[in-house]
Amino acid sequence: MPELPEAETIRRQLAPKIVGQIITNAWAKLPRRTLPSIEEFTQRAQGQRIIAAARRGKQLYFPLENGDHLLVHLGMTGRLAAEKSTLTLTSAPRHVQAALTLSGGDQLVFRDPRTFGSIGVSRELPFLQTLGPEPLDDDFDVNAIARKLKSRNTKIKTALLDQSLIAGLGNIYADEACFEARIHPAQIASTISIRKLQTLCETLKPLLQRAIAARGATLKDKGYEDIFGQHGKFIPHVYGQTGEPCENCGTIIQRGVLGAGKSARSYHFCPKCQKLI
DNA sequence: CGATTCCCCTGATAGC
DNA sequence: TGCTATCAGGGGAATC
């Protein structure tokens, strides 16, 4: 699952390959996942030079020369790569949802088996307004975020997943942050001491920096790959470690569920290090 | 406004 | 073995 560190890894790897290139051809496959429409995406992308590779939270965006932006959200299973290929709408394998031919000879290919990702062209960047602060920014205000968490009457992991509160955390890093701060993921946020919430927020930056240095996380050698098809080397302490001993105390890591039905999200924790108070 | 639930989709896995 | 049912999960819309 691409979260902030995985998206950032892809941004960094892609930048030298695509910035400065002109999009000479573009196509996309899924109308519901292509903005504003396949026709407009194709028309507005073609002929434009990519002038930067940027990211906000999990959202990737690539400013174009005319003021538009190419947008890519990887969702759950989205991947990006710059390849020496000439895939067309009709010749591309099933999982390729879009491809942009670049002037330098590469093709920017967007794959997404489960189609929770999206691609598009847009002048405006509304997510810049709706996403919360970037944990890696120098001005990320730990105390301000801790106070906001303190006001939430929902489970702490649910709050951490709220992109309008903090940008970029998903299942993996929300669980990891809770583990490092010794907080039970199902603890109601408002019942946690401000001191602990501060510790939790202080954990985020180094955690995400370590994950980026490892090029993200690939669970059980499955799922996320960087643009070279390589697995991330970040190994979570708790996420996906159900049944394994806690690195801190040896207690078996457990799995729990937040919410019910189709909106359920799992969490992973050490029952000894992360006690429900 | 804040919190919760539903829904999109399909590869992987569990169950029979 | 092989088929079928269930699950997972980011984010936005709808609901309460």
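Convention: sequence-line order gives letters A, B, ...; per-chain numbering from 1.
When heavy atoms are screened at a 4.0 angstrom cut-off, A/Glu3 is found touching no nucleic acid atom at all. Here A/Met1 lies in heavy-atom contact (under 4.0 Å) with sugar-phosphate atoms only. At the heavy-atom level, A/Arg32 lies under 4.0 Å from the strands shown only through sugar-phosphate atoms. Residue contacts for A/Thr77: at a heavy-atom cut-off of 4.0 Å it reaches no nucleic acid atom on any strand shown.
Taking for each of A/Thr154 and A/Arg265 the nucleotide of DNA chain B with the nearest heavy atom, the 5'-most of the two is the partner of A/Thr154.
Remark: A/Asn66 pairs with A/Gln48, A/Leu64, A/Asp68, A/Arg123 by the side-chain contact (heavy atoms from CB on, under 4.5 Å) rule, at least two apart or across chains. With sequence neighbours excluded, the residues that form a side-chain contact (heavy atoms from CB on, under 4.5 Å) with A/Lys196 are A/Arg182, A/Ile183, A/Ile192, A/Ser193. Not a single side-chain hydrogen bond (donor to acceptor under 3.5 Å, both in side chains) links A/Ser151 to another residue, sequence neighbours left out.
Counting only heavy atoms from C-beta outward, the side chains of A/Val121 and A/Glu40 never approach each other to under 4.5 Å.
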Can you list, pair by pair, the side-chain donor-acceptor contacts under 3.5 Å of residues 18-31 of chain A, counting residues two or more places apart and other chains?
residue, atom, partner, partner atom, Å
A/Gln21, OE1, A/Gly104, N, 2.6
A/Thr24, OG1, A/Thr101, O, 3.3
A/Trp27, NE1, A/Leu87, O, 3.1
A/Lys29, NZ, A/Pro93, O, 3.3
A/Lys29, NZ, A/Arg94, O, 3.3
A/Lys29, NZ, A/Val96, O, 2.8

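Extent of DNA chain B lying under 4.0 Å from chain A heavy atoms, first and last nucleotide in 5' to 3' order, is B/dA3 to B/dT13.
Between A/Tyr239 and A/Phe234, the ring centre distance reaches or exceeds 6.0 Å.
Each end of the helix from B/dG2-C/dC16 to B/dC16-C/dG2 gets its own axis from five base pairs, and the two axes differ in direction by 50°, given to 10 degrees.
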